[in-house]
Every structure is written in structure tokens, then in C-alpha cells.
Student: 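Take this structure, written in C-alpha cells, and hold onto it; I'll ask about it next.
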Amino acid sequence: MTQTAAQPPQQIDPTKQYLVSASHPERGTFWAYKAEGEYGWLQAPFQDQKPSYLSLSDIQAISEGDTLFKWYLTDSAKTSYPYQPEKAQTEISENMTQTANKSKRKFRIRLGKNQQADGSNPEQKEEQKEGWSPLLLLVSLLLGLLLLMAIAWNVQPFQDFIVLLANRIDFTNLAEFLFALPGIGALFQAIARFFAIVLGILLYAIFQGLELAPYLYKRNPKRMRKIIEQWSAWARYRQSKNDGRAVTSLKRSYNNHPIRTYQTLCSTRNIVYVLELGICFITHPPVTDGNLFTFLWYLITFQVGKIDWINVALMFSVLFLVDRIVRIALSIYPEIFPKKEEATHA
């Protein structure tokens, strides 16, 4: 990277303040902000922090001459001017990379006045070593153990449901005949139990995947930003009272097209919750008769002694426990295995 020492264009008034943006062909557009003497970079959509108007001296302090970035200054009249940085560094470029990879984290750059005056200061902070934090290691091991225990417990209603379905089908006579065969009857019983376990695990895995799909769909910041931009620029039809039912349905479907995939995943997740609740009530009912209204009546009248609370705990575990554990594990995963640029950033 060659250092450039170009002066700001003549249109830029040194006495004014500007919004600073830097566009990269792969990482997107970054906006500078200043808060409590600290500089940082943001990417849309903005949340708590907003871009700041900066003086030309501030702009020269935070900008750098990476040729991949296109720099622009925007004044209060919303007029943008191209800007050529004066110095070539990589520190801010690395912070922009981190901002693009983790849109919700704010990577601030602390600028010391002495270091700005003398760029030849050799003292730097010691690089942070990559590795496992003992506390995070312990938490990850506990989460892994809890996840295995939860899966082993939660899969039981689905296995029992498969057995119940098999009993509903008219295979009773054939099964009794095969199980009664001398010598190999026990083998057929073991095969039947094995298939019930496999099908139950498969059904449970499908349901858990559908429950986690909306959360996993939102974990990609680039995908979210793309969808939000499409939604913001999407032309929508207004619905009126004179529209027929078919036209109203078509307009609603067209208007929601950019977010249709996410809406479908959320609707499917809600259906899965209902199905899981039904399977738990059929195979492990919290009340003797397995009636939902009886269960609600016992709750309203405080007849808690008539409720099987172990089955209630199993119901909540099937519905929410594994989903929560996976979310927590995915949230601490970047801290356990930090990326190279994050682990070595001073």
C-alpha cells in the first residue's frame, strides 16, 4: 500500500463538520462516530449509536488510505463529497473487518494525543493469546453434558409415540407371531425396539431443527442486512376496503415477499410447538385421563397434587430446553474459539 498525501478537495470546507462513510466492495459501508473521546465504526441498521458529525481534524485522524475503500463526507445539507485520506494504516481497516463480522459489537479506537503527534512510538500492547478461558471451558463442558442429558430425556415421548402408532396399525397378529418364534423371536423384538428408537430420534431431530431454523436464519448479519435493504426498497401495494379477498391476499403476499422465508420458518416453528405439546400429552400426560382441560382445571383450582409434575417438566424440556442450550452455546462459541483477527487485536 503506497502512502498518499493528497489534500482534501476544494469543495470541502475545513470549518464545517461532516458525516464520514467508507465503502468497501465486499464488507459494505461503514459510518464513523465519536463518543466520550472515542472513535468507532458502525454499519446499518443503526441501533443505540448513530454516526457523528466530525471536524476535518477528526476525519484526518481516523481515515486511512486503503485503496479498496471509497471515502465520502456528507454535510448537514446531505451533500456528499469524495475524500482522499492522507495516511495509510491498517488499524482502522481491521476494526472495520470486525464490525462487518459482528454487526452488534462496537469496536472502538482509542486515539492518544501523544501517539498522534509522534507516530514512531514503539510501545504497543502485548498481543492477546488465543486459547480457552477456564470459565468458558467449564461452561461449555456443562452445557455439553446438559445437552446430552436433555436429548436423552426429550426423545422418550417421540419413541413412545412411534410405538403407539405401530400398535394402532394392524400389525399385532404379525408381531405376536414373529415375537413368539422360538430362537429368533427375541431378535425380532430387538429389531422392533431399534427401529422405534431410530424413528423417534429422527422425528425429534426434525422437530428440533425446525424450532431452531428461525434463530439460525437470523445469525448471519450479511443475510439480515440484505433482507432489510430489500424490505426497505421494496415497492408495496396499499390495501383498501374495495379490494376483494383474493386481491387482498395477493397484495399481502407480494408486500411480504422479502421476509416470506423468515415468516414461514416462524410459522412452522409455532406448528412444531403445538405438535410437540400434543405428543407429550398423548405419551406422557400430566394428568391421569390425559385431558388438557382437566389439566387446566387442576391448575385453576390449585389441585396441584393431582398433577404429574415430572411429565410437566418433560413437556417444558421438550419444548424449550434444547433450544435454549443451543442458543447459549452458539452465543459463547466465538468467545471460546476467537477468530485470529479478534484474538490478536490489541
Student: Partners of Ser55 by side chain to side chain donor-acceptor pair (under 3.5 Å), sequence neighbours excluded?
Tutor: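 Ser55 satisfies side chain to side chain donor-acceptor pair (under 3.5 Å) with Ser57, Asp58 once adjacent residues are dropped.
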Student: Could you give the distance from CD (Gln208) to CD (Glu276), rounded to the nearest 0.5 Å?
Tutor: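 So the CD of Gln208 and the CD of Glu276 are separated by 5.5 Å.
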Student: With ILVMFWY side chains joined below 4.5 Å, transitively, what does Phe281's cluster contain besides itself?
Tutor: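 Its cluster mates, by chain and number, are Tyr273, Leu277, Val287, Leu292, Phe295, Leu296, Trp297, Tyr298, Leu299, Val304, Ile307, Trp309, Val312, Met315, Phe316, Leu319, Phe320.
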Student: With rounding to the nearest 0.5 angstrom, report the CG to CG distance, Asn270 to Leu275.
Tutor: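 It comes to 11.0 Å.
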Student: Could you tell me whether the side chain of Thr79 and the main chain of Asp75 form a donor-acceptor pair under 3.5 Å?
Tutor: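 It does not hold such a pair.
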Student: Linking Ile, Leu, Val, Met, Phe, Trp and Tyr by side-chain heavy atoms under 4.5 Å, what else ends up with Trp231?
Tutor: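 Traced through the cluster, Trp231 reaches Tyr217, Ile227, Ile259, Tyr262, Leu265.
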Student: When you measure from the side chain of Trp234 to the backbone of Asn256, do you find a donor-acceptor pair of N or O atoms at a distance under 3.5 Å?
Tutor: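 The answer is no, because no donor-acceptor pair under 3.5 Å joins these two groups.
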Student: Which is it for Leu19 and Leu73 under the side chain to side chain contact (heavy atoms under 4.5 Å, CB included) test, yes or no, and what are the steps along the way?
Tutor: CA-CA 6 Å; Leu19 295 176; Leu73 306 184; over 6 Å; no
Student: Do Leu330 and Leu143 belong together in a cluster built from hydrophobic side chains that touch within less than 4.5 Å?
Tutor: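 Same cluster.
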Student: Report the distance from atom CZ of Arg327 to atom CG of Leu212, rounding to the nearest 0.5 Å.
Tutor: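 That separation rounds to 7.0 Å.
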Student: Without swapping roles, check the side chain of Asp308 against the backbone of Pro285 for a donor-acceptor pair under 3.5 Å.
Tutor: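 No: the side chain of Asp308 does not pair with the backbone of Pro285.
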Student: Just verifying a value: how many Å separate Arg269 CZ and Asp323 CG, rounded to the nearest 0.5 Å?
Tutor: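 Answer for the CZ-CG pair, Arg269 versus Asp323, is 8.0 Å.
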Student: Within the supplied structure, the quantity of interest is the number of heavy atoms (other residues, nucleotides, ligands) at a distance under 6.0 Å from Ile310 CD1; does it exceed 12?
Tutor: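 Open: at most 12 neighbouring heavy atoms sit under 6.0 Å from CD1 of Ile310.
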Student: Decide whether Leu56 and Tyr18 are clustered together by the hydrophobic rule: side chain heavy atoms of Ile, Leu, Val, Met, Phe, Trp, Tyr closer than 4.5 Å, transitively.
Tutor: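 Yes; tracing contacts between hydrophobic side chains, which count when under 4.5 Å, links both residues.
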Student: Roughly how far, to the nearest 0.5 Å, is OG of Ser21 from CZ of Phe30?
Tutor: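 One finds 11.5 Å between CZ of Phe30 and OG of Ser21.
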Student: May I have the step-by-step check of side chain to side chain contact (heavy atoms under 4.5 Å, CB included) for Tyr215 and Val326, ending in yes or no?
Tutor: CA-CA 10 Å; Tyr215 171 72; Val326 172; 5.6 Å; no
Student: When hydrophobic residues are tied together by side-chain contacts of less than 4.5 Å, even through go-betweens, does Tyr237 share a cluster with Val247?
Tutor: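 Looking at the clustering, Val247 is in a separate group from Tyr237.
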Student: Donor-acceptor pairs are to be reported for all side-chain atoms of residues 144-164 against protein atoms at under 3.5 Å, with residues two or more places apart or in another chain.
Tutor:
unit_1, atom_1, unit_2, atom_2, d
Asn154, OD1, Ser317, OG, 2.5
Asn154, ND2, Ala150, O, 3.3
Asn154, ND2, Tyr204, OH, 3.1
Asn154, ND2, Ser317, O, 3.1
Asn154, ND2, Ser317, OG, 3.3
Asp160, OD2, His284, NE2, 3.3

Student: Check side chain to side chain donor-acceptor pair (under 3.5 Å) between Ser253 and all other residues, then give those that pass, not counting sequence neighbours.
Tutor: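 If we apply the side chain to side chain donor-acceptor pair (under 3.5 Å) test to Ser253, skipping adjacent residues, the hits are Arg260.
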Student: Report, as yes or no, whether the 6.0 Å neighbourhood of atom CZ on Phe195 holds more than 12 heavy atoms from other residues, nucleotides or ligands.
Tutor: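 Atom CZ in Phe195 is not packed in, count stays at 12 or less.
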Student: Give, for atom CD of Gln239 and atom CG of Leu250, the distance between the pair rounded to the nearest 0.5 Å.
Tutor: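 If we round to the nearest 0.5 Å, Gln239:CD and Leu250:CG are 10.5 Å apart.
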Student: Is there a chain of hydrophobic side chains (I, L, V, M, F, W, Y, each step under 4.5 Å between heavy atoms) that links Trp31 to Ile228?
Tutor: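 Shared cluster, no.
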Student: Does Tyr72 share a hydrophobic cluster with Leu42, counting links as ILVMFWY side-chain heavy atoms below 4.5 Å and allowing steps through other members?
Tutor: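 Not linked; separate clusters.
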Student: Does the side chain of Val318 come within less than 4.5 Å of Leu314's, by heavy atoms?
Tutor: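 Yes, close enough: below the 4.5 Å cut-off.
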Student: Return the set of residues passing salt bridge (Lys or Arg N to Asp or Glu O under 4.0 Å) with Asp243 (not counting sequence neighbours), or none when no residue passes.
Tutor: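 For Asp243, the residues satisfying salt bridge (Lys or Arg N to Asp or Glu O under 4.0 Å) (neighbours in sequence not counted) are Lys251.
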Student: On a heavy-atom basis, which atom in Ser232 and which in Arg236 lie closest, and how many Å separate them?
Tutor: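 Nearest heavy atoms, Ser232 then Arg236: N-NH2, 4.4 Å.
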Student: Would you find a donor on one side and an acceptor on the other, under 3.5 Å apart, between the side chain of Ser249 and the backbone of Arg245?
Tutor: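 Not at all, since once roles are kept as given, no pair shorter than 3.5 Å links the two residues.
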